[in-house]
Undergrad: 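Questions regarding the structure given below will be posed in turn.
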Amino acid sequence: MNAADLPAREAMEFDVVVVGAGPAGLAAAIKLKQIAPDTSVVVVEKGSEVGAHILSGAVIDPIGLDRLLPDWRNDETPVRTPVTSDRFYVLGPAGAARLPNFALPPLMSNHGNFIVSLGDVCRYLGHKAEALGVEIYPGFAAAELLFEGDAVAGVATGDMGVGKDGEQKSGFTRGMELRAKYTLLAEGARGSLSKQLIARFGLAQDRQPQKYGIGLKELWQVTPENFHSGLVQHTMGWPLANNVGGGSFLYHFGDHLVSVGFVVHLNYSNPYLSPFEEFQRFKTHPLVRNTFAGGKRICYGARALTEGGWQSVPKLVFPGGALIGCAAGFMNVPRIKGSHNAMLSGIMAAEKVAAALSAGRAHDELLDYEAAWRSSPIGHDLWRVRNAKPLWSKLGTLAGVTLGGFDMWTNTLGFSLLGTLGHGKPDFAALKPADRCRPIPYPKPDGKLTFDRLSSVYLSNTNHEEDQPVHLVVRDLALQKSSEHDVYAGPSARYCPAGVYEWVEEAGKPRYVINAQNCVHCKTCDIKDPNQNIDWVPPEGGGGPNYPNM
Ligand SMILES: Cc1cc2nc3c(=O)[nH]c(=O)nc-3n(C[C@H](O)[C@H](O)[C@H](O)COP(=O)(O)OP(=O)(O)OC[C@H]3O[C@@H](n4cnc5c(N)ncnc54)[C@H](O)[C@@H]3O)c2cc1C
Ligand code: SF4
């Protein structure tokens with residue numbers, strides 16, 4: 001279908017367009033309306049409803065909520081389970097050693113934090129935003145950036161009703177142009193438009209490469225005897241080898257719910273590693289397996305998270321807008337927390353946008369947002385932990401985490417002996433050729449405590465219109481065969497948590513199969529493909545997981 005032959009798109013004008021209804025985008029929208037109720041603000045969200053694509057732990061630091069909605073504690077909210085107990089373990093294959101809480105730097109404490117479903121928190125924020133007059137359009141993916149000269153001037157939502165072959169089907173509807181004086185990108189980790197913008201405006205120049213992890217999560221309803229409301233438990237070590245970063249979380253909250261999850265840092269080198277299988281194996285450890293006895297797994301999903309922190313945050317502003325939340329990389333890795341910084345950055349950007357609008361400005365750079373973040377609470381949060389991830393990557397789990405803990409302690413006291421360490425290579429460049437690595441034998445799932453990918457994806461309620469162009473765009477199929485398959489033994493079949501990629505033998509030749517309808521939008525393929533040969537682009541709006549409360 002030739003773009004020139006298409007009917008023109010309808011356009012709507014706003015003061016501010018926000019891409020993504022996560023904590024960052026919704027906080028920005030709410031703050032804008034609080035400051036200047038007449039500002040017109042629209043939020044586009046690719047999930048079928050607000051919260052449908054949100055996957056997090058989540059233990060939240062309420063600093064963001066306190067700033068945004070100081071009275072939230074008097075509201076009926078989904079923030080109801082305070083943390084009552086906080087445990088950290090190092091696991092071996094059969095045993096576990098608990099680290100005493102006093103040995104952990106104070107910034108790691110969860111005292112005063114809450115265990116939530118972040119999806120439900122976003123639904124609550126969505127209602128607040130709508131009550132203030134924000135227009136929220138769920139089911140619409142921002143597929144294209146609009147420009148006026150060199151400045152971003154809004155986004156266009158994707159066309160609906162395009163077939164697999166790229167041709168219009170009956171019911172074809174052209175996307176909408178949402179034009180704005182300022183555009184805030186709140187797409188979360190590895191946003192598809194954010195990636196284009198960072199490249200176009202060179203926003204990551206002079207920064208360390210962004211680092212990522214993949215987080216896999218299941219939600220269980222457990223029996224009353226296995227439920228301990230407010231318990232927060234983290235582990236590192238087994239089943240991961242010492243040279244693979246990552247760890248687990250286990251949070252008890254709500255009505256006998258346990259969020260169990262596993263994060264694997266995406267700079268692992270063995271292409272045979274499977275984050276999904278490591279997660280399943282983790283659940284069999286004697287420390288945790290009994291939690292799930294007699295319980296029921298009710299949901300599954302996965303999502304990438306940013307891990308580069310202070311050194312990797314790109315320049316935040318470009319003509320006509322800014323990056324906020326995890327699209328900017330404001331995740332604090334040792335704390336496994338990013339939602340508070342997502343909200344704080346949304347608030348800060350909104351304040352700068354409101355000031356610019358009231359001064360009659362449009363489409364320029366919000367330079368005071370860029371200038372402010374490093375000395376704000378976000379900068380303070382990320383600065384103290386800036387060496388934790390580089391040390392973990394360089395020295396492995398035991399030595400790296402020990403030294404990283406020591407550095408966090410000294411930073412808490414106001415100094416560091418290490419300065420600011422770099423991250424080295426981007427994650428995709430960390431894979432070694434398969435002939436230099438050993439295959440990892442993973443146990444078969446038992447269907448009770450451990451599961452396979454497909455029955456897991458079923459619990460993510462993922463749904464895509466099947467007759468649409470594949471939204472996982474392989475730039476060069478021949479390279480995928482000659483390198484991803486022949487050199488790296490097809491790691492996409494293992495790192496994808498949803499079984500989207502398969503190499504199947506056909507007439508003695510490998511063929512790359514992409515089951516795009518299973519994609520849970522975690523973005524790992526876009527990050528980890530060794531040749532950066534896969535581009536994740538938004539599918540038709542509303543497609544993807546439908547997480548009820550992740
Ligand atoms: C496994 C895991 C565990 C975590 N645990 C915690 C924790 O315990 N505590 C904590 O504070 N943080 C935790 N985090 C981090 C936290 O979830 C993030 O920091 C936070 O969600 C970032 O908020 P955001 O608004 O920037 O992005 P997101 O929450 O990712 O939201 C982005 C939204 O934008 C939408 N979107 C993206 N692209 C488009 C587009 N082109 N068009 C339309 N919509 C789009 C998405 O569908 C999504 O709804 C965890 C993350 C993971 C993955
Ligand atoms: S196809 Fe990519 S984005 Fe989708 S689930 Fe698999 S790894 Fe994640």
Side-chain angles (χ1 to χ4, degrees), residues 18-28 43-47 49-61 64 110 113-116 118-119 121-122 125 137-144 155 157-158 185-194 213-217 232 234 249 251 259 261-263 301-306 323-332 335-343 345-346 453 457 460 462 471-472 492 495-501 514-516 518-529 534 536-539 541 544-545 547 550:
V18 180
V19 180
L26 292 169
V43 180
V44 274
E45 167 53 52
K46 66 180 164 62
E49 52 147 354
V50 173
H53 287 183
I54 300 291
L55 181 140
S56 190
V59 172
I60 60 164
D61 175 340
N110 279 309
N113 295 337
F114 293 86
I115 308 175
V116 298
L118 195 63
V121 173
C122 288
L125 293 176
Y137 295 158
F140 289 91
E144 191 184 322
V155 296
T157 63
L185 291 183
E187 297 177 291
R190 194 67 164 199
S192 44
L193 296 184
S194 312
I214 175 176
L216 304 106
K217 172 176 164 183
V232 163
H234 293 112
F249 59 85
Y251 306 146
S259 288
F262 202 78
V263 174
R303 180 77 174 96
L305 37 104
T306 57
L323 302 167
I324 58 179
C326 278
F330 286 141
M331 169 91 185
N332 182 319
R335 294 181 74 199
I336 331 182
K337 287 186 186 60
S339 63
H340 61 304
N341 286 339
M343 292 182 69
S345 63
R453 277 183 178 71
V457 176
S460 67
T462 295
H471 71 279
L472 304 146
S492 54
Y495 65 60
C496 173
V500 169
Y501 300 103
I514 303 180
N515 305 300
N518 284 357
C519 173
V520 294
H521 297 200
C522 74
K523 314 280 179 77
T524 302
C525 48
D526 195 289
I527 298 164
K528 190 63 179 168
D529 177 77
I534 301 178
W536 187 100
V537 299
Y547 298 135
M550 294 286 265

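Read the numbers this way: they start at 1 and go in the same order the structure lists the ligands and their atoms. We number each residue from 1, following the sequence as shown.
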Undergrad: Any carboxylate oxygen within less than 4.0 angstrom of a Lys/Arg side-chain nitrogen, looking at K337 and D61?
TA: no
Undergrad: Can you list the ligand 2 atoms lying under 4.0 Å from a non-hydrogen atom of Y501?
TA: 1 (S)
Undergrad: Does A186 come within less than 4.0 angstrom of ligand 1, counting non-hydrogen atoms of the residue?
TA: yes
Undergrad: Output the list of atoms in ligand 1 that are nearer than 4.0 Å to some heavy atom of M331, sorted by atom number.
TA: 15 (C)
Undergrad: To the nearest 0.1 Å, how far is atom 6 (Fe) of ligand 2 from its closest protein heavy atom, and which atom is that?
TA: C496 SG, 2.4 Å
Undergrad: Test your reading of the model: is there a side-chain donor-acceptor pair from E187 to the backbone of A327, 3.5 Å cut-off?
TA: no
Undergrad: So, is A24 polar-close to ligand 1, with some N/O to N/O distance under 3.5 Å?
TA: yes
Undergrad: So how far is it from T306 OG1 to F330 CZ, rounded to the nearest 0.5 Å?
TA: 9.5 Å
Undergrad: Numbering the atoms of ligand 1 from 1, which are under 4.0 Å from a heavy atom of G215?
TA: 1 (C)
Undergrad: Which atom pair, heavy atoms only, marks the closest approach of V44 to A142?
TA: CG2-CB, 4.1 Å
Undergrad: H521 and Y547: aromatic ring centres closer than 6.0 Å?
TA: no
Undergrad: Regarding C522, does it place an N, O or S atom less than 2.8 Å from atom 2 (Fe) of ligand 2?
TA: no
Undergrad: Just to confirm my output: which protein heavy-atom neighbour is closest to atom 3 (C) of ligand 1, and how far is it?
TA: G57 N, 3.2 Å
Undergrad: Heavy atom under 4.0 Å from ligand 1: found in I54's side chain, backbone, both, or neither?
TA: side chain
Undergrad: Below 4.0 angstrom from a heavy atom of K523, which ligand 2 atoms are there? Numbered from 1 as shown, please.
TA: 3 (S), 8 (Fe)
Undergrad: Check N518 against ligand 2 and report side chain, backbone, both or neither, counting heavy atoms closer than 4.0 Å.
TA: neither
Undergrad: Check L118 against ligand 1 and report side chain, backbone, both or neither, counting heavy atoms closer than 4.0 Å.
TA: side chain
Undergrad: Which residue supplies the protein heavy atom nearest to atom 27 (O) of ligand 1, what is that atom called, and how far is it?
TA: G188 CA, 3.2 Å
Undergrad: Could you state the interatomic distance from CG (D529) to CD1 (I534), rounded to the nearest 0.5 Å?
TA: 4.0 Å
Undergrad: Check each atom of ligand 1 against the heavy atoms of C326 and keep those under 4.0 Å away; list them by number with element.
TA: 18 (C), 19 (O), 22 (C), 26 (O)
Undergrad: List ligand 1 atoms under 4.0 Å from F140, heavy atoms only on the residue side.
TA: 43 (C)
Undergrad: Quick one: look at E187 and ligand 1, take heavy-atom pairs under 4.0 Å, and tell me if it's side chain, backbone, both or neither.
TA: both
Undergrad: Provide the closest heavy-atom pair for C522 versus I214 in the form atom of the first, atom of the second, distance.
TA: SG-CD1, 4.5 Å
Undergrad: Under 4.0 Å from a heavy atom of W536: which atoms of ligand 2 are those, numbered in the order shown and with their elements?
TA: 3 (S)
Undergrad: May I ask you to identify the nearest protein heavy atom to atom 5 (S) of ligand 2, giving residue, atom name and distance to one decimal place in Å?
TA: V520 N, 3.4 Å
Undergrad: Pick one of side chain, backbone, both or neither for how V19 approaches ligand 1, counting any non-hydrogen atom pair under 4.0 Å.
TA: side chain
Undergrad: Could you tell me, atom by atom, which parts of ligand 1 come under 4.0 Å of a heavy atom of L305?
TA: 2 (C), 51 (C), 52 (C), 53 (C)
Undergrad: Within the stated cut-off of 2.8 Å, is an N/O/S atom of C519 closer than that to atom 6 (Fe) of ligand 2?
TA: no
Undergrad: Main chain of R335, side chain of N332: is a donor-acceptor contact present, judged purely on distance under 3.5 Å?
TA: yes
Undergrad: Number the atoms of ligand 1 from 1 as they appear, then name those within less than 4.0 Å of a heavy atom of S339, with their elements.
TA: 10 (C), 11 (O), 12 (N), 19 (O)
Undergrad: Suppose I only count heavy atoms of L472 and a 4.0 Å limit; which atoms of ligand 2 are within that range?
TA: 1 (S)
Undergrad: Please identify which atoms of ligand 1 are closer than 4.0 Å to at least one heavy atom of I336.
TA: 5 (N), 6 (C), 7 (C), 8 (O), 9 (N), 10 (C), 12 (N), 13 (C)
Undergrad: So for ligand 1, is E45 a polar contact partner (N or O within less than 3.5 Å, distance only)?
TA: yes
Undergrad: So for P23, does at least one of its heavy atoms come nearer than 4.0 angstrom to any atom of ligand 1?
TA: yes
Undergrad: Answer side chain, backbone, both or neither: which part of A342 comes under 4.0 Å from ligand 1, heavy atoms only.
TA: side chain
Undergrad: What do you reckon, does K217 put a non-hydrogen atom under 4.0 Å from ligand 1?
TA: no
Undergrad: At less than 4.0 angstrom from any non-hydrogen atom of C525, what atoms of ligand 2 do you find?
TA: 1 (S), 2 (Fe), 3 (S), 7 (S)
Undergrad: Is the OH atom of Y251 crowded by more than 12 outside heavy atoms at less than 6.0 Å?
TA: yes
Undergrad: Hey, what do you get for OG (S192) to CD (E144), rounding to the nearest 0.5 Å?
TA: 12.0 Å
Undergrad: State whether the side chain of K523 and the backbone N or O of R303 hold a donor-acceptor pair below 3.5 Å, judged by distance alone.
TA: no
Undergrad: Heavy atom under 4.0 Å from ligand 1: found in F330's side chain, backbone, both, or neither?
TA: neither
Undergrad: Using a 4.0 Å cut-off to any heavy atom of V500, which atoms of ligand 2 qualify?
TA: 1 (S), 6 (Fe)
Undergrad: Show the nearest heavy-atom pair for residues A186 and V18, with the distance to one decimal.
TA: CB-CG1, 4.3 Å
Undergrad: Would you mind running through ligand 1 and noting each atom that sits below 4.0 Å from a heavy atom of K337?
TA: 9 (N), 10 (C), 11 (O), 12 (N)
Undergrad: How close do S460 and V520 get, counting heavy atoms only, and between which atoms?
TA: OG-CG1, 3.7 Å
